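Values in this document were obtained by computation on a predicted structure and should not be read as measured data.
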There are 2 protein chains.
Amino acid sequence: MTEIQSLARGLKILDLLAAAEDTVGITEIAEYLGMDKSSISRVMQTLAVYGYAEQEASTRRYRLGPQVVVLGQTLLNRLPLRDQARPFLQQLVDRTGECAHLGVLTQNQVLYVDQVESLATLRVNTRIGTLAPLHCTALGKALISFARLDLPEELNPFTTRTIVNPDVLRVHLEQTRLQGYAIDDEEYNYDVRCIAAPVYNHDNNVVGAIGISGPAGRMNLEHIPEMAAIVCEVARALSNRVAFRRS
Amino acid sequence: MTEIQSLARGLKILDLLAAAEDTVGITEIAEYLGMDKSSISRVMQTLAVYGYAEQEASTRRYRLGPQVVVLGQTLLNRLPLRDQARPFLQQLVDRTGECAHLGVLTQNQVLYVDQVESLATLRVNTRIGTLAPLHCTALGKALISFARLDLPEELNPFTTRTIVNPDVLRVHLEQTRLQGYAIDDEEYNYDVRCIAAPVYNHDNNVVGAIGISGPAGRMNLEHIPEMAAIVCEVARALSNRVAFRRS
DNA sequence: GGGATTTGTTGCTCAATATACAACTGCGTT
DNA sequence: AACGCAGTTGTATATTGAGCAACAAATCCC
């Protein structure tokens, strides 16, 4: 694996620009990458020429450029699942009162590609474009368990409830498969529970997962079965739609 | 201006991946850039490592990776104007029945950063993430005329109505400024007319523009004044909101 | 089914080029 | 007004990325 260093530098800088709160100066970037600021200056000029970065005229500092939006939306618009899922996400919100999300598998992570917010004052907001781990989110667990994928190598803990033992996780996923839906019981964020179910295409491949997230108070353990039933029902309806099956 | 070539190549490839309908093979890319496929192979590996491209397992061809969504959404979420504008765009749709858009200026182009669709059967759909020229779109003309920016160097024609003469455009923009709103009268797309007005912050700087787009039939010349009045009113209300002014 | 063709990956060499240093410019500060 | 700080530009050198060629793998096509 030969990695092209100057390209990799540029991409790392884009990541850095995204992680930064606001604009970033060339000196900071140079420090961060352990390089000379003159080199970074030229990298930034290149990124700017192609619209991936933008220099603020007044401060000469840099931020992400419009081209990243163009690319991001291009990819999102290319997911037909996304348009199809929208009304079903809305239905989930209407029927459960919690925020609904659509996730797909990429690079051993879940990518949240759509979201419908609930009207509740206290609500969970996972923005579109978020990447999250597979082993401790409901969407992620739905994806790996129903698509029968391998476990991720690293099972990092995020809360004390995160399942970090591969054997325990395997059993848990088997159980998930049997019950037809996945649950995240404060395994990624404290006070947040999620329920998710898979979406299939006409070849019976898992193409994504939809689910709801809410505060642990409302999503308490006795409500979960009925909410899960709704999630499963809507996910099944969406699968039928995706697979061109009628009803 | 010293451009870093290997980075530039990577960025060009991202643009290419976005322009492509579906996946792209390495040979095609190499041909397109006039390079050896081995070199491109390594570029693609680098892009893939950082999540900017993704290789389809079955065909070994490449597409955009999830990271571009992450970056794109990061930038969109960083625009506070976007969240603030949403209900005002909705109001435009409710009151005019046409699609409403929010645009900001970047790199001498308008970037469409939000959209609310109308319910009409025949409607104009300009997706988020679209970049469009300044001189022949209502949003673009609103941005340059009210922000008193220089004209773009190139005034490319898109329809027979596109204004390509700088002097004519200057007069037109002056008129736009006087009447308080900008019009695109089939200057970018045939059968589409748009109306837009600027949004100001508390320093009285133009931070964006909002407007509506519809088929020329409904947006006919006698309806435009009343629709323009609504656009101006809503844009003013949004400006007040943005500037923390009350009412 | 199997040879042929197309497509993507890897090893290796050499020339192109990206890097660091240093000098320069422009801003803001004290 | 002088200083200090941040970003840009010129230039020499060593790194590194490009191309060639061989390899691997998948697809085509008879």
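- In the model, Y50(A) has no side-chain atom that pairs as donor or acceptor with a side-chain atom of Q107(B) under 3.5 Å.
- Residue contacts shown for M35(B) are limited to sugar-phosphate atoms, with no base heavy atom under 4.0 Å away.
- The CD1 atom of I26(B) sits 10 Å away from the P atom of dT10(C) (whole-angstrom rounding).
- Judged by distance alone, with hydrogens and angles left aside, the side-chain atoms of T130(B) form no donor-acceptor pair with the main-chain N or O of T126(B) at under 3.5 Å.
- Relative to the side chain of Q45(B), the nucleotides dC21(C), dT16(D), dT9(C) differ in distance, and dT9(C) lies closest.
- Judged by distance alone with a 3.5 Å cut-off, no donor-acceptor contact links the side chain of R9(A) to the base of dG17(D).
- Of the two residues contacting DNA chain C, namely R61(B) and S6(A), the nearest-nucleotide position lying further toward the 5' end is that of R61(B).
- For dG28(C), the base has no donor-acceptor partner in the side chain of R60(A) [N/O atoms by modelled type, under 3.5 angstrom].
- Nearest heavy atom pair, residue S239(B) against residue Y200(B), reads OG-N, 2.9 Å.
- Rounded to whole angstrom, the span from the OH atom of Y62(A) across to the P atom of dG7(D) amounts to 9 Å.
- With rounding to whole Å, L7(B) atom CG is found 12 Å from dA18(D) atom P.
- Between L33(B) atom CG and dA18(D) atom P the separation is 10 Å, expressed in whole Å.
- Within the 4.0 angstrom heavy-atom criterion, no nucleotide atom of any strand lies near E28(A).
- Sparse packing is recorded around CG of D150(A), with 12 or fewer heavy atoms of other residues, nucleotides or ligands lying under 6.0 Å away.
- We find that CD of E3(A) is positioned 17 Å from C1' of dA18(D), with the value rounded to whole Å.
- Comparing T27(A) and D36(B) along DNA chain D, the residue whose closest nucleotide (by nearest heavy atom) sits nearer the 5' end is T27(A).
- If one axis is set at each end of the helix from dG1(C)-dC30(D) to dT30(C)-dA1(D) from five pairs, those axes are 50° apart, to 10°.
- Between I29(B) atom CD1 and dG19(D) atom P the separation is 14 Å, expressed in whole Å.
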Query raised in the report: Would E56(B) and Y62(B) satisfy side chain to side chain contact (heavy atoms under 4.5 Å, CB included), going step by step from the backbone distance to the final call?
Result: CA-CA 6 Å; E56(B) 198 168 60; Y62(B) 288 89; over 6 Å; no
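- At whole-Å resolution of the value, CD1 in I4(B) and C1' in dT17(C) are 10 Å apart.
- Applying the 3.5 Å distance criterion, the base of dG19(D) shares a donor-acceptor pair with the side chain of R42(B).
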